[in-house]
Amino acid sequence: MLNLSLRVVDRLPFVNPPRPQLTSLKGGIKHGGVSVAPSGCRLQVGGRRIKARSLKVYNVCIGNGVGVIHPATEDYADEAVEAVKAGKVIAVPTDTLYGLACDACSLEAVNRIYEIKGRAQSKPIAICVGDVSDIQRFAVTDHLPVGLLKSLLPGPVTVVLRRGDLSILEKTLNPGIDSIGVRVPDCKFIRAIARGSGSALALTSANLSGEPSSVCTKDFEKMWHQIAYVYDGGLLPAGRAGSTIVDLSNPGTYKIVRPGSAEKETVAIVESYSLVQRLEVP
């Protein structure tokens, strides 16, 4: 028996266990195909009337434990950590877009993300860590000016760095690529998950490959049934541009790989540390 904060009914056609039916929802709202019961809302389940005391609907049996939706709040951070440690894929909000996340050191989990997205294995996946101080465990940072990373992060920026020989990342993550994109989102929920995991999260946008990125959970509802837990942080205000990707792998220079949502701010910060833009030679 799994406790759902949002009741998945129409979106999970493969789930058919017997369960009490929600026959009345007074004061509730609909989010896509999901019923949401705010605190104080009156529910009628079968022949019983109940009052929602929090953002919950009812306990619903899901045989395979896939497609469970919860709010992205501190109450569910430990659950998300355990899911990641168990090798599962979860969907989480960030400070830019919704993302798919898993243990970056689990080859099976990372491959599952590629399968869910329909993404080519040749396309690399970034990682997310809980704090700026964690980055040095996974990538080379000693060539960067002191304070640069803390000026950029946490925030809507992905920094590309060399892995180096001391990185604890599995060699099977992005094989053949000696650099890694690293995020520290300005989002308490995903950072708590990354800290609790004791590792790094593999993180990529929650959308099918080639389709628009997601700013709300409904945008990727076709993928819900393939994800262990979906954590709903509401509509994200940053738009669909995603994070700004800046390559800081070479000493003294930078390169904007993707403009994203914070290009102007990112350029201003890196240039304030005397880095110069690296231009590609034809």
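For clarity, every value in this text was computed on a predicted model and none was experimentally measured.
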How far does CD1 of Ile116 sit from CG of Asn111, to the nearest 0.5 angstrom? 11.0 Å
Pairwise ring pair (Phe, Tyr, Trp, His ring centres under 6.0 Å) hits with a residue in residues 81-116, at least two apart: Tyr98-Phe220
Ser261 side chain vs Gly242 backbone, donor-acceptor pair below 3.5 Å: yes
Please lay out, stage by stage, how Tyr231 and Glu79 fare under the test side chain to side chain donor-acceptor pair (under 3.5 Å). CA-CA 11 Å; Tyr231 294 98; Glu79 172 191 79; 2.6 Å; yes
Going from OG on Ser122 to CD1 on Ile177, what distance comes out if it is rounded to the nearest 0.5 angstrom? 8.0 Å
What's the shortest heavy-atom distance between Val140 and Asp142, and which atoms? CG1-OD1, 3.3 Å
Ala72 versus Pro93, closest heavy-atom pair with distance: CB-CG, 3.7 Å
Closest non-hydrogen atom pair, His143 against Asn250: CD2-C, 4.1 Å
All side chain to side chain donor-acceptor pair (under 3.5 Å) counterparts of Arg112, not counting sequence neighbours: Glu115
Return the minimal non-hydrogen interatomic distance between Ala200 and Val129, and the atom names on each side. CB-CG1, 4.0 Å
With Tyr254, which residues qualify under ring-ring contact (aromatic ring centres under 6.0 Å, His included), at least two apart? none
Checking one residue: Val257. Which other hydrophobic residues are in its cluster under the side-chain 4.5 Å linking rule? Val160, Ile245
Show your working on side-chain contact (heavy atoms from CB on, under 4.5 Å) between Thr204 and Lys123 and close with a plain yes or no. CA-CA 11 Å; Thr204 185; Lys123 294 184 177 180; over 6 Å; no
Apply side-chain contact (heavy atoms from CB on, under 4.5 Å) to the pair Ile127 and Leu173, showing each step before the final yes or no. CA-CA 10 Å; Ile127 63 170; Leu173 180 67; 3.8 Å; yes
With a 3.5 Å distance limit and no angle check, can you tell me whether Ser205 reaches the backbone of Asn207 through a side-chain donor-acceptor pair? no
Would you say the side chain of Val184 lies within less than 4.5 Å of the side chain of Asp131, judging by non-hydrogen atoms? no
Flag side-chain contact, heavy atom, 4.5 Å: Asp219 against Arg240: yes
Which distance, rounded to the nearest 0.5 Å, do you find between the CG of Leu107 and the OG1 of Thr172? 4.5 Å
Tell me the closest heavy-atom pair linking Pro145 and Leu275, and the distance in Å. CG-CD1, 3.7 Å
Checking Leu248, Thr253, Val159, Val157 against Val270 for side-chain contact (heavy atoms from CB on, under 4.5 Å), the one that qualifies is Leu248
Taking C-beta and beyond as the side chain, do Leu203 and Ile190 meet within less than 4.5 Å on heavy atoms? yes
So how far is it from Leu144 CG to Ser249 OG, rounded to the nearest 0.5 Å? 9.5 Å
Going through the checks in order, is the side-chain contact (heavy atoms from CB on, under 4.5 Å) test met by Leu153 and Val182? CA-CA 10 Å; Leu153 304 167; Val182 186; 5.9 Å; no
Backbone N or O of Pro124 within a donor-acceptor pair of the Arg119 side chain at under 3.5 Å? yes
Check whether Asp95 reaches the backbone of Asp186 with its side chain - one donor and one acceptor, N or O, closer than 3.5 Å. yes
Find out if a path of hydrophobic residues (ILVMFWY) with successive side-chain heavy-atom gaps under 4.5 Å connects Ile168 to Leu161. yes
Would the distance check show the side chain of Ser167 and the main-chain N or O of Gly164 forming a donor-acceptor pair, the cut-off being under 3.5 Å? no
Rounded distance [0.5 Å steps], SG in Cys216 versus CG in Leu236: 8.0 Å
Within the distance-only criterion (no hydrogens, no angle test), does the side chain of Ser243 pair as donor or acceptor with the backbone N or O of Pro156 below 3.5 angstrom? no
Pairs meeting criterion salt bridge (charged side-chain N to carboxylate O under 4.0 Å, His left out) with involvement of residues 144-163, two or more places apart: none
Using modelled atom types and a 3.5 Å cut-off, is there a donor and acceptor pairing between side-chain atoms of Trp224 and backbone atoms of Thr217? yes
Gap between atom CD of Glu211 and atom NZ of Lys222 - 0.5 Å precision: 6.0 Å
Taking the side chain as C-beta and beyond, is there a heavy-atom pair between Ser214 and Leu97 under 4.5 Å? no
Taking C-beta and beyond as the side chain, do Val110 and Glu170 meet within less than 4.5 Å on heavy atoms? no
Can you name the side chain to side chain donor-acceptor pair (under 3.5 Å) partners of Thr94, sequence neighbours left out? Thr96
Heavy-atom closest pair (Ile193 atom, Ile90 atom, distance to 0.1 Å) is CD1-CD1, 4.1 Å
